[in-house]
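First the structure, in the form of structure tokens, and then the observations on it.
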Amino acid sequence: MDNIKVNFDNVDVTEKNIMKYAEEVEKIHDELHKKANDPKEFLGWMELPTNYDKKEFEKIKKSAKKIQDNSDVLVVIGIGGSYLGARAVIEALTHTFYAYLPKEQRKTPQILYVGNNLNPNYINDIIDLIGNRDFSINVISKSGTTTEPAIAFRIFREILENKYGLKEAQKRIYVTTDKKKGALKQLADTEKYTTFVIPDNIGGRYSVLTAVGLLPIAVAGIDITKLMNGARFAQEKYVDKSLKYNDCYKYAVIRNLLYKNSKNIEILVSYEPKLHYMIEWWKQLFAESEGKDGKGIFPTGAEFTTDLHSIGQYIQEGRRNLFETVINIEKSKNDIEIKEDADNLDGLNYIAGKKLDYVNKKAMEGTISAHVDGGVPNIVINMSELNEETLGHLIYFFELAVAMSGNLIGVNPFNQPGVEKYKTNMFKLLKKPGYEDKK
């Protein structure tokens, strides 16, 4: 099941320089594993694939089946880590146009996302899209007071209650929140909503393999058992503290070596449009984990070949302060053969008989070669195919990699103090009680 392999051949870093980090990596590894079960640390994700709540896992499956049976739409309310992971997995493992397919072809509810912005046009468009169809809500928030999801929940709960009445609406609201405290937990207990737990020792951006991500993922018809199996395989694979044999740690070290060589921008690249939100999830994971104390590699993303016709020029010949990490899916689920054309006006007969995935791969190989020649190092993550097991593996790989990388950079990869600054300013402008004199 060794379904992910990392290739570092296109990075000009010597094995000798990598192995200089061996002792430091072992020390950080031991410290991370030592704290993995400490409820006061945000490291619960490390052993989650083998130590998750089996009873709640089955409850997730049963609730997902209930939503599938009585709803045409599931409205997922959350922001940041409360929705990005779920959306990443759902869009990676379903039909590219899953949300647009008629119900008969989808066979599972349409998943819509709100609470991730404050734009009234977006909210109203979602309301229009739901129309008179049956729907349920999964609201995800540790506290229940985060502005964006709290406003969205207030709006959609009212719609749900007006449509079904209070009693039926209660059966259609699923709350993922703190186990014991918080405004949302209090409301859920009062209204007797079905609840799921956000573990105390798992931060939002590391929470995709908890109920935070698993409930909407299961509603979309994705096998969450296989997803966890993939993560468990990664957990077992990367438990080796030896830098020589641990590609996850090697990726973290090479990122840091490039960073010290003024490569302070990393572009996560995919040639598969289904991975659009996987890139978005990765951006949040790495930005919130490393971007603090004036440090950190800036994470951004690109989708090729599309973006080769927009930012490709800059990548090829712009400032040499960036490197790329390319996700290569070796086996495509579907393919198309390019037919021969008698007139050949487009000049494409030279690839007649070839499959489109083959052409896509050659575009990738040519791009990597061009960018490396142009001074842009490329790390390649080869995935055997895109399925639940490989995606679960990739999720765990990136979570562990950023934990190691953040520690190597010298920051705490599990907090995000800078996120609170905009909230304080916004609350002051909105004249929220208690924020008038805050700086």
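Excluded from the calculations below are hydrogen atoms, water molecules and symmetry mates; all remaining heavy atoms, backbone and side chain alike, are included.
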(message) By the definition salt bridge (charged side-chain N to carboxylate O under 4.0 Å, His left out), identify the one residue from Glu290, Glu280, Glu288 that meets it with Arg205.
(response) Glu288
(request) Kindly say whether Glu26 contributes a backbone atom to a donor-acceptor pair with the side chain of Tyr21 at under 3.5 angstrom? (result) no
(message) Are Pro377 and Asp12 packed together at the side-chain level, in the sense that at least one heavy-atom pair is separated by less than 4.5 angstrom?
(response) no
(request) Applying side-chain hydrogen bond (donor to acceptor under 3.5 Å, both in side chains), name anything that partners Lys295, two or more places apart in sequence or on another chain. (result) none
(request) May I ask you to check whether Glu317 and Gln313 show a side-chain donor-acceptor distance below 3.5 Å? (result) yes
(request) Return yes if a side-chain donor-acceptor contact under 3.5 Å exists between Asn3 and His393, otherwise no. (result) yes
(request) Measure from the side-chain N and O atoms of Ser405 to the backbone N and O of Ala401, and report whether any donor-acceptor pair falls under 3.5 Å. (result) no
(message) When you compare the side chains of Asn229 and Glu389, does any donor N or O come within less than 3.5 Å of an acceptor on the partner?
(response) no
(message) Could you report the tightest heavy-atom contact between Tyr83 and Val76, atom names first, then the distance?
(response) CB-CG1, 4.5 Å
(message) For Glu385, is there any backbone N or O sitting under 3.5 Å from a side-chain donor or acceptor partner on Thr390?
(response) yes
(request) Using a 4.5 Å cut-off on heavy atoms from C-beta on, say whether the side chain of Met46 contacts that of Asn51. (result) no
(request) Taking the six-membered ring of Tyr251 (Phe, Tyr or Trp), confirm whether the NZ or CZ of Arg255 is under 6.0 Å from its centre and within 45° of its axis. (result) yes
(request) Look up atom OG in Ser207 and atom CD1 in Ile140, then write down how far apart they are to the nearest 0.5 Å. (result) 8.0 Å
(message) Quick one: does any side-chain atom of Asn344 pair with a main-chain N or O of Asn349 as donor and acceptor, under 3.5 Å?
(response) yes
(message) Looking at every non-hydrogen atom in both residues, tell me the closest pair between Ile4 and Lys237 and how far apart they are.
(response) O-NZ, 3.1 Å
(message) Applying side-chain contact (heavy atoms from CB on, under 4.5 Å), can you list everything that pairs with Asn246, at least two apart in sequence or on another chain?
(response) Tyr238, Cys248, Tyr249
(message) Would you say that Ser384 contacts Glu330 through its side chain, given a criterion of any heavy-atom pair below 4.5 Å between the two side chains?
(response) yes
(request) May I ask you to check if Arg157 and Phe153 form a cation-pi contact, with NZ or CZ under 6.0 angstrom from the six-membered ring centre and within 45° of the axis? (result) yes
(request) Check whether the side chains of Ser332 and Lys361 place a donor and an acceptor atom closer than 3.5 Å, and report yes or no. (result) no
(request) Keeping to residues at least two apart or across chains, list the ring-ring contact (aromatic ring centres under 6.0 Å, His included) pairs with something in residues 290-323. (result) Tyr271-Phe304
(request) Report yes or no: is the cationic atom of Lys55 (NZ for Lys, CZ for Arg) under 6.0 Å from the centre of the six-membered ring of Phe57, at an angle within 45° of the ring normal? (result) no
(message) Tell me if a side-chain donor or acceptor on Glu324 pairs with a main-chain N or O of Val376 at a distance below 3.5 Å.
(response) no
(request) Verify the distance criterion only: is there a donor paired with an acceptor across the side chains of Glu91 and His276 at less than 3.5 Å? (result) no
(message) Under a plain distance cut-off of 3.5 Å, with no hydrogens placed, do Asn17 and Lys20 share a side-chain donor-acceptor pair?
(response) yes
(request) Taking all heavy atoms of Tyr206 and all of Pro413, pick out the closest pair and write down the distance. (result) OH-O, 3.2 Å
(request) Please tell me if the side chains of Leu129 and Gln110 come closer than 4.5 Å, counting only heavy atoms from C-beta onward. (result) yes
(message) With a 4.0 Å cut-off on N to O distance, would you call Lys27 and Glu31 a salt bridge?
(response) no
(message) Whether the side chain of Glu148 engages the backbone of Gly115 through a donor-acceptor N/O pair (distance < 3.5 Å, no angle test) should be reported.
(response) no
(request) Take Ser136 and Leu74 through the test side-chain contact (heavy atoms from CB on, under 4.5 Å) and record every step on the way to the result. (result) CA-CA 5 Å; Ser136 295; Leu74 174 65; 4.2 Å; yes
(message) Quick test of your reading of the model: are Glu56 and Lys179 salt-bridged, counting only N-O distances below 4.0 Å?
(response) no
(message) If you apply the rule side-chain contact (heavy atoms from CB on, under 4.5 Å), what do you find for Asp178 with Asp200, and how did you get there?
(response) CA-CA 7 Å; Asp178 191 89; Asp200 289 335; 3.2 Å; yes
(request) State whether the side chain of Thr195 and the backbone N or O of Val175 hold a donor-acceptor pair below 3.5 Å, judged by distance alone. (result) no
(message) Between Tyr113 and Ile90, does the side-chain contact (heavy atoms from CB on, under 4.5 Å) criterion hold? Intermediate values first, please.
(response) CA-CA 12 Å; Tyr113 306 89; Ile90 290 168; 3.5 Å; yes
(message) Closer than 3.5 angstrom, by distance alone: can the side chain of Ser369 be matched with the main-chain N or O of Glu365 as a donor-acceptor pair?
(response) no
(request) Kindly say whether Ser310 contributes a backbone atom to a donor-acceptor pair with the side chain of Asp307 at under 3.5 angstrom? (result) no
(request) State whether the side chain of Lys163 and the backbone N or O of Asn132 hold a donor-acceptor pair below 3.5 Å, judged by distance alone. (result) yes
(message) Can you confirm whether Val89 sits close enough to Tyr277 that some side-chain heavy atom of one is under 4.5 Å from a side-chain heavy atom of the other?
(response) no
(message) For the residue pair Asn415 / Lys292, report whether a side-chain donor-acceptor contact shorter than 3.5 Å exists.
(response) yes
